[in-house]
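Right, one structure below, let's go through it.
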Amino acid sequence: MNLGEHARAAGLFVKALGLSMALMMAAHPAAAAPVAEASATTQVPADLPAPKSATPGALGAAATPEAAPAAKGAYVPMKPTPGVGMPVEDGIDLQEQYAPLGEYAKWIHNGVLMPIIVIISIFVLILLLWVMIRFNKRANPVPSKTSHNTLIEVVWTLVPVLILVGIAVPSIDLLAKQYKPAPAKALTIKATGNQWFWTYGYPDNGDFEITSYMLNLPGQPVVNNGVREVGSQPWDGPSHLEVDNRLVLPAGEPIRLQVTAADVIHAFAVPSLWFKIDAVPGKINERVLFIEKPGVYYGQCSELCGAKHGYMPIAIEALPRDQFNAWVLTQSGGVIDHQPKPATEAAASEAAPAASGSAAPAADASGSAAPAVDASASASAAPAA
Ligand SMILES: [Cu+2]
């Protein structure tokens with residue numbers, strides 16, 4: 001009898017401890033993503049190109065002789081700032097946020113959820129220890145026969161309700177803000193997931209399209225049609241995350257990002273911009289992307305999409321509006337937000353094609369009228385040939 005009671009009490013304690021541990025861990029899945037990414041990228045630290053002289057974020061400062069722009073002011077990819085827009089070694093927190101909603105969400109996670117979880121877990125642990133010490137058979141030989149206590153029952157009903165309401169208010173607010181449609185005049189960008197690369201369309205800028213492949217890893221088999229090795233240009237970011245052609249976007253304005261897929265389900269996710277949305281074939285998912293300041297921000301496909309799921313990273317390069325416009329004009333058929341192409345600029349961009357390593361889009365060959373799937377197919381065939 002005694003033994004049975006002890007065993008039951010011990011069992012209850014272990015169960016309660018497990019529950020409180022589970023509560024503590026419940027906050028971790030969100031934080032686990034950056035950790036997983038960090039470990040994924042830190043596996044090959046030797047691949048990281050040694051930083052040279054270029055100032056982070058400086059346009060035109062990082063050009064090598066062979067990639068020197070043909071004309072003054074031509075686009076040169078931006079050199080990423082270490083630790084910005086990418087996972088950091090030994091990081092356990094969400095990545096530093098560069099979007100207003102990301103800062104809000106990070107505050108909810110770190111300022112609301114984590115403290116509540118920790119306080120509840122410690123409170124439950126203290127209650128359990130108190131019961132074990134104060135009310136065991138030796139300390140309390142004659143147990144109380146009390147079976148109801150109105151005050152305690154009201155308190156332990158109301159307090160959890162208030163806690164849940166306190167969590168619901170900011171989280172529903174965040175949810176609503178995340179799905180607020182873009183302003184009518186916002187720039188529209190289309191991202192299409194393919195096995196295993198991304199294509200980015202610019203319907204407001206002449207409807208050109210670029211393909212974006214992960215760079216090859218030194219000493220490892222080529223996974224993406226012979227695109228150059230990571231680290232072979234001074235602006236290259238971390239291995240597994242850097243691509244040949246980045247998604248170039250304007251900073252400091254809302255962007256209507258439409259995401260879809262050409263084959264299987266992918267997901268467009270950039271942790272430091274608080275952006276994650278499924279790319280589903282036959283369907284367009286849309287969200288506002290707002291990047292607070294110029295920089296390079298890395299992400300990955302976040303839906304298991306096949307053998308090379310881990311080899312289709314996302315690299316966003318956010319530029320000030322005037323530099324974004326200048327980049328658009330380096331693209332074949334590129335025009336500034338629905339404006340007709342000025343004759344002089346049209347002639348200039350044709351005179352100096354492929355000024356930089358990444359300025360030769362697949363759209364050159366396939367033409368802007370070709371559907372996304374055809375354009376990407378011809379693009380993937382071209383570098384191999
Ligand atoms: Cu994918």
Side-chain angles (χ1 to χ4, degrees), residues 29-30 32-41 43-44 47 85-87 95 178 189-202 209-217 220-227 230 236-249 255-287 289 296-317 358 361-362 366 371-384:
V35 178
E37 285 182 9
S39 61
T41 49
Q43 277 168 6
V44 202
D47 297 352
M86 62 180 82
Q95 284 185 29
Q178 286 180 147
I189 300 290
K190 187 177 166 194
T192 306
N194 306 269
Q195 282 175 320
W196 289 274
F197 59 98
W198 292 93
T199 45
Y200 301 123
Y202 291 74
E209 192 169 74
I210 56 175
T211 58
S212 186
Y213 285 92
M214 190 184 89
L215 297 182
N216 295 329
L217 306 170
Q220 292 188 25
V222 170
V223 290
N224 281 325
N225 301 319
V227 171
V230 66
D236 282 353
S239 67
H240 293 91
L241 293 178
E242 191 57 90
V243 298
D244 56 347
N245 297 318
R246 293 174 181 157
L247 170 58
V248 179
L249 296 175
I255 297 159
R256 182 186 297 104
L257 188 52
Q258 298 185 330
V259 179
T260 187
D263 34 46
V264 300
I265 300 178
H266 303 266
F268 189 93
V270 184
S272 60
L273 300 176
W274 200 257
F275 198 99
K276 179 181 274 185
I277 199 162
D278 273 353
V280 184
K283 185 180 168 174
I284 288 179
N285 284 332
E286 178 180 309
R287 253 195 76 191
L289 175 66
V296 186
Y297 306 92
Y298 294 99
Q300 289 170 315
C301 174
S302 292
E303 181 68 61
L304 285 172
C305 59
K308 296 180 194 167
H309 158 66
Y311 299 90
M312 51 180 297
I314 295 155
I316 292 180
E317 181 170 324
S358 63
S366 56
V373 178
D374 290 346
S376 55
S378 64
S380 56

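First listed ligand is number 1; within each ligand, the first listed atom is number 1. Numbering starts at 1 and runs along the sequence shown. None of the values given here were measured: they were computed from a predicted structure.
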How long is the span from the CD1 atom in Ile277 to the CG atom in Leu257, to the nearest 0.5 Å? 7.5 Å
Distance filter < 2.8 Å from the Cu ion (ligand 1), protein N/O/S hits 4
Do Glu242 and Pro313 come within less than 4.5 Å of each other through their side chains, counting heavy atoms only? no
If we ignore hydrogens and angles and just use 3.5 Å, is the side chain of Trp196 paired with the main-chain N or O of Met214 as donor and acceptor? no
Parallel, tilted or perpendicular: which fits the ring planes of His240 and Tyr311, with parallel below 30° and perpendicular above 60°? tilted
Is a side-chain donor or acceptor of Thr260 paired with a backbone partner of Val280 at a separation under 3.5 angstrom? yes
Partners meeting ring-ring contact (aromatic ring centres under 6.0 Å, His included) with Tyr202 (sequence neighbours left out): Phe208, Trp327
